[in-house]
Amino acid sequence: MENNAAYKRARKKVEAKVGFYIHLGVYLAVCVMLVIINASASPDYVWVIWPVMGWGIGLLFHALMVFVFYGRSPVTEQMIEKELRRSA
């Protein structure tokens with residue numbers, strides 16, 4: 001039983017990391033596209049910094065949740081246990 005639970009925890013952590021890397025890849029691709037659009041459409045005003053910074057803050061929080069605070073929320077664990085009891 002413990003082996004199955006450990007596998008599920010490891011799988012969820014790997015899925016969270018893969019989700020972050022996909023988010024990072026999309027962020028980088030969109031940022032490059034926005035820089036190109038900004039440089040070609042309005043090179044006199046650098047507006048691209050605002051969406052890059054805004055989305056970057058969201059990406060930072062995503063990274064913190066995946067790599068720093070993952071699995072440390074007792075509230076989440078309590079909610080999961082409550083749902084398991086409810087469905088049993």
Side-chain angles (χ1 to χ4, degrees):
M1 180 77 167
E2 176 61 35
N3 204 10
N4 192 19
Y7 173 79
K8 286 182 180 180
R9 281 193 306 272
R11 181 181 174 104
K12 284 186 74 166
K13 188 161 188 169
V14 167
E15 288 173 352
K17 287 181 180 181
V18 168
F20 170 76
Y21 290 129
I22 290 170
H23 187 181
L24 178 62
V26 170
Y27 170 77
L28 293 173
V30 170
C31 286
V32 167
M33 183 182 65
L34 288 175
V35 167
I36 292 169
I37 292 170
N38 188 176
S40 64
S42 57
D44 53 327
Y45 177 65
V46 183
W47 53 262
V48 73
I49 191 77
W50 303 113
V52 168
M53 283 180 20
W55 194 352
I57 291 170
L59 187 66
L60 172 67
F61 282 115
H62 190 174
L64 288 173
M65 292 306 296
V66 170
F67 296 107
V68 177
F69 299 115
Y70 186 82
R72 296 186 182 177
S73 173
V75 174
T76 304
E77 292 298 321
Q78 289 174 357
M79 290 173 72
I80 291 171
E81 289 175 15
K82 185 178 177 181
E83 285 299 320
L84 288 173
R85 284 192 304 267
R86 191 179 296 171
S87 65

**Item:** Note, Trp47 side chain near Ile37 side chain (heavy atom, < 4.5 Å)
**Value:** yes
**Prompt:** Got Lys17 and Tyr70 here, is their nearest side-chain heavy-atom distance under 4.5 Å?
**Reply:**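 No - every pair of side-chain heavy atoms lies 4.5 Å or more apart.
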**Item:** Gap between atom CD1 of Ile49 and atom SG of Cys31 - 0.5 Å precision
**Value:** 9.5 Å
**Request:** Scan for side chain to side chain donor-acceptor pair (under 3.5 Å) pairs involving residues 51-61, sequence neighbours excluded, and state none if there are none.
**Result:**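 Found His23-Trp55.
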For the hydrophobic clusters of this structure (ILVMFWY residues joined by side-chain heavy atoms under 4.5 Å, transitively), does one cluster hold both [X] and [Y]?
X: Val26; Y: Phe61; result: no
X: Leu60; Y: Ile57; result: yes
X: Met53; Y: Ile36; result: no
X: Val30; Y: Trp50; result: yes
X: Phe20; Y: Met65; result: no

**Pairs where residues 47-69 contributes a residue and the test salt bridge (Lys or Arg N to Asp or Glu O under 4.0 Å) is met, not counting sequence neighbours** =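 Listed once each, the pairs would be none.
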**Asked** Hey, does the side chain of Tyr45 reach the backbone of Asn38 with a donor-acceptor pair shorter than 3.5 angstrom?
**Response**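 Answer holds: no.
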**Asked** Does the distance from a Lys or Arg side-chain N to an Asp or Glu carboxylate O, for Arg86 and Glu83, drop under 4.0 Å?
**Response**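 Between Glu83 and Arg86 there is a salt bridge, with a charged N closer than 4.0 Å to a carboxylate O.
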